[in-house]
**Q** 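Below is a structure I'd like to ask you about.
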Amino acid sequence: MTNVRGIRIMSAAATVVLVAYVVGAIADADLGSSAGFVRIGVLVAAVVVAVIAFQAWSHHNTPHTLSAMIVGLLGGACLASTITTATGDDLYGSGPMALVGTLAVVAAVTIGQIGQTRSKTSPR
């Protein structure tokens with residue numbers, strides 16, 4: 001699918017998204033004035049995952065790269081939607097949309113890793 005460096009960057013970005021979800025939605029931590037910075041960080045991380053997944057698909061069109069691209073773009077769109085509708089100190093405007101976006105971003109990285117592993121082990 002993509003090279004090892006791309007998977008590592010996607011994994012780091014997905015970690016940011018997952019940690020933000022745990023802190024903002026599950027733990028319901030009061031982010032106060034830092035909520036804006038956390039929103040920006042989550043948006044950037046979601047965009048990074050979507051862009052790398054799209055780039056991998058555009059260079060190597062396989063079922064895994066296509067799946068990773070679709071769920072990566074879905075996750076980025078869901079997170080962008082829920083973050084931009086958040087009010088006050090809330091990190092997300094919609095809890096279910098944040099969950100779908102977070103799961104989609106993590107799924108994109110997982111599918112990308114599986115695709116990369118399968119391409120290394122399958123005969124050519």
**Q** Has the side chain of Arg39 got a donor or acceptor atom that lies under 3.5 Å from a matching backbone atom of Asp90?
**A**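 Indeed, once roles are kept as given, a pair shorter than 3.5 Å links the two residues.
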**Q** Distance from Leu79 atom CG to Thr82 atom OG1, nearest 0.5 Å?
**A** 7.5 Å
**Q** So, for Cys78 and Gly101, which heavy atoms are closest and what is the spacing to 0.1 Å?
**A** CB-CA, 3.6 Å
**Q** Has the side chain of Thr110 got a donor or acceptor atom that lies under 3.5 Å from a matching backbone atom of Val106?
**A**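 Pair found, side chain donor or acceptor close to backbone of Val106.
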**Q** So, for Ala20 and Val38, which heavy atoms are closest and what is the spacing to 0.1 Å?
**A** CB-CG1, 4.3 Å
**Q** Grab the two heavy atoms, one from Val17 and one from Ala45, that are nearest each other, plus how far apart they are.
**A**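 Closest approach of Val17 to Ala45: CG2-CB, 3.8 Å.
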**Q** Between the main-chain N or O of Leu99 and the side-chain N or O of Thr102, is there a donor-acceptor pair closer than 3.5 Å?
**A** no
**Q** Quick one: closest heavy-atom pair of Ile114 and His64, and the distance?
**A** CG2-NE2, 3.8 Å
**Q** How long is the gap from CH2 on Trp57 to OG1 on Thr62, to the nearest 0.5 Å?
**A**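 The CH2 atom of Trp57 sits 11.0 Å away from the OG1 atom of Thr62.
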**Q** Can you tell me how far apart CD (Gln116) and CD1 (Ile7) are? Round to the nearest 0.5 Å.
**A**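 Reported value, rounded in 0.5 Å steps: 5.0 Å.
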**Q** Under a 4.5 Å cut-off applied to non-hydrogen side-chain atoms, are Met69 and Thr65 in contact?
**A**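 No, too far: nothing below the 4.5 Å cut-off.
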**Q** Where is the tightest heavy-atom contact between Gly32 and Asp89, given as atom of each residue plus distance?
**A**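 Nearest heavy atoms, Gly32 then Asp89: O-OD1, 3.3 Å.
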**Q** Rounded to the nearest 0.5 Å, how far apart are OG of Ser34 and CG of Leu91?
**A**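 Here the rounded value is 9.5 Å.
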**Q** Closest heavy-atom contact between Ala13 and Val48?
**A** CB-CG1, 4.0 Å
**Q** Rounded to the nearest 0.5 Å, what separates atom OG in Ser11 from atom CD1 in Ile52?
**A**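 Interatomic distance, Ser11 OG to Ile52 CD1, rounded to 0.5 Å: 9.5 Å.
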